[in-house]
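Note that this is a predicted model, so its numbers are computed, not measured.
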Amino acid sequence: MNENETHTEQSNRSCFCPVMHRLRIISGHLCPPGSSTDQNPDPRLSDCGSAARGDPEDVVVVHGLRTAVGKAKRGSFKDTTPDELLSAVMTAVLKDVGLTPDKLGDVCVGNVLQPGAGALMARVAHFLSGFPESVPVYTVNRQCSSGLQALLNIAGAVRSGSINLGLACGVESMSLRSIGNPGDLSSRLTDNDKARDCIIPMGITSENVAERFGISREKQDAFAVSSQQKAARAQDLGLFHQEIVPVTTKITEDDGNERVVTVSKDDGIRAGTTLEGLSRLRPAFKPDGSTTAGNSSQVSDGAAAVLIGRRSAVDALGLPVLGVLRASAVVGVPPDVMGIGPAVAIPAALDQAVYCVEKLGIPMEKVNPNGGAIALGHPLGCTGARQVVTLLNELRRRGRRAYGVVSMCIGTGMGAAAVFEYPGP
């Protein structure tokens, strides 16, 4: 891995590795023609040149914020509706950079569990945020990658010339809505192996990957402990402070009484997690399995928003540039091992799992340096946008030009990923 590729995010722990060919492909996206990659055949050692920096057509990230992530059903946001969570981040992002919402060409919101992918909820949040009716908004559901897909959709509109600026968001309340009824499906589903595999529970797909690629319970538990320790350290050092919007909301207690709270810290981080403690947990999905409540991503509530635009428009408005979108991919993989999606979506950062970290020899300190979904949680529609916010804030904190990857697997057998550059202070 290149020295500058300092940070990645994950929401599952499994992948496979057609490594070098795909590494070269993604290196081509990251490095412009004539850069040192042309002379160095090993992209892990290449140093992308600066020829593409400052291109007025670049799709750039101006700013991004998120709420804290709450534990579903019993955490800080268990009684908070998703439109309120979404409004909090939509409002704060624009306020921070002094941009009025009428400057936005479009708003796209990733959501999974709300009816109609949250189309009504998003428009309500839009008006609660004081956005004018003239600014459009729509939603997208690509399951666990919905927040990232929202960003890629807005980026596509910028690239096509349809808009100059847009807001990409993600939100989920897994407290108020649960994964359940798959909807209206044909009875022919049972006659097609791949179609039938699409309704395999996520936990069973995790078990499939563990068995197929030889990922032991011990390795999964060790990875979970590492995630919790990294997140606890980041929280203790205040590293999440600059990316979290405090949200004032109400919590209904078991006795029916309400209390007002201001939420500014992630609920799910368990600083006291140990290998010994995790080893005592029972498998969650099959009696002889290896996936437990302690080494899986958490179900959660949260929202995030990312302001992006064409560099020339951003510069004209005097807005900052936090990052540059350099490459992205969405791919399909076998539904019964959907967790391998990141390995195909972005092989330049094949560290979405224990298997891939070991296979590539990626230093563990470069994998989710502030913890991943095991510790922070995974509010489905929010995660992709939240990852981008966390990634770019961490790269900025490190204070030098760098690249980072966000990636996740997707239910029914897909993977998504995006590569960002932090251009330096």
Side-chain angles (χ1 to χ4, degrees), residues 9-15 69 72 82 85-86 108-119 121-122 138-154 156 168-185 189 194-206 208-209 285 291 296-304 306 328-346 352-353 372-374 376-388 406-418:
E9 284 288 331
Q10 70 101 40
S11 66
N12 201 290
R13 300 173 308 285
S14 44
C15 51
V69 178
L85 294 173
L86 183 56
C108 185
V109 179
N111 183 259
V112 178
L113 298 180
Q114 289 292 306
M121 176 274 300
Y138 71 105
T139 60
V140 61
N141 178 0
R142 201 192 284 267
Q143 302 191 78
C144 299
S145 71
S146 297
L148 178 58
Q149 189 62 53
L151 185 146
L152 299 181
N153 285 7
I154 293 293
C169 311
V171 64
E172 205 70 68
S173 171
M174 299 183 77
S175 291
L176 302 181
R177 292 276 172 173
S178 300
I179 300 173
N181 190 333
D184 303 313
L185 300 172
L189 172 146
K194 296 297 183 185
R196 187 173 60 249
D197 287 347
C198 288
I199 60 172
I200 293 175
M202 298 291 179
I204 298 301
T205 70
S206 175
N208 290 343
V209 171
F285 301 102
T291 302
S296 304
S297 59
Q298 303 176 41
V299 291
S300 313
D301 309 320
V306 181
S328 63
V330 181
V331 301
V333 298
D336 64 328
V337 286
M338 62 91 187
I340 67 176
V344 183
I346 189 126
Q352 305 309 307
I374 294 173
L376 298 176
H378 176 29
L380 302 175
C382 166
T383 289
R386 197 279 303 166
Q387 288 180 340
V388 174
V406 297
S407 188
M408 69 288 295
C409 56
I410 305 168
T412 72
M414 287 177 280

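Put simply, the side chain of Q114 reaches to within 4.5 Å of the side chain of P82, judged on heavy atoms. Contact of the M174 side chain with the L113 side chain is registered, since non-hydrogen atoms from C-beta on lie closer than 4.5 Å. By the 4.5 Å heavy-atom criterion applied to side chains, K194 and P334 are counted as neighbours. Side chains of T412 and Q143 form a contact here, defined as non-hydrogen atoms less than 4.5 Å apart. By the 4.5 Å heavy-atom criterion applied to side chains, C409 and M202 are not counted as neighbours. Counting heavy atoms from C-beta outward, Q149 and V330 have side chains that approach closer than 4.5 Å.
The minimum heavy-atom distance between Y138 and N153, with the atom names listed, is OH-CB, 3.2 Å. Taking every heavy atom of both residues into account, S296 and F285 meet most closely at OG-CE1, 4.5 Å. For the pair P379 and G302, the tightest heavy-atom approach, listed with the atom from each and the gap, is CB-N, 3.7 Å. Taking every heavy atom of both residues into account, V140 and C108 meet most closely at CG1-SG, 3.8 Å. For the pair A385 and G170, the tightest heavy-atom approach, listed with the atom from each and the gap, is CB-N, 4.1 Å. The two residues A150 and G110 make their nearest non-hydrogen contact at CB-N, 3.9 Å.
Once rounded to the nearest 0.5 Å, the distance linking CD of Q387 with CG of L376 reads 10.0 Å. Atom CE of M408 is separated from atom CG of L148 by 5.0 Å, given to the nearest 0.5 angstrom. Separating the CG atom in L176 from the CG atom in L85 is a distance of 9.0 Å, to the nearest 0.5 Å. The CG atom of D336 lies 8.5 Å from the OG1 atom of T205; values are rounded to the nearest 0.5 Å. Atom OG in S175 sits 3.5 Å away from atom CG in D301 (nearest 0.5 Å).
No side-chain N or O of H378 forms a donor-acceptor pair with one of S300 less than 3.5 Å apart. When only modelled atom types and interatomic distance are considered, T291 and S206 share a side-chain donor-acceptor pair under 3.5 Å.
Checked against S146 for a side chain to side chain contact (heavy atoms under 4.5 Å, CB included), the options I410, V171, L380, V112 give a single hit: V112.
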Exercise. Might you work through the side-chain contact (heavy atoms from CB on, under 4.5 Å) test for L86 and N111, ending with a clear yes or no?
Key: CA-CA 11 Å; L86 183 56; N111 183 259; over 6 Å; no

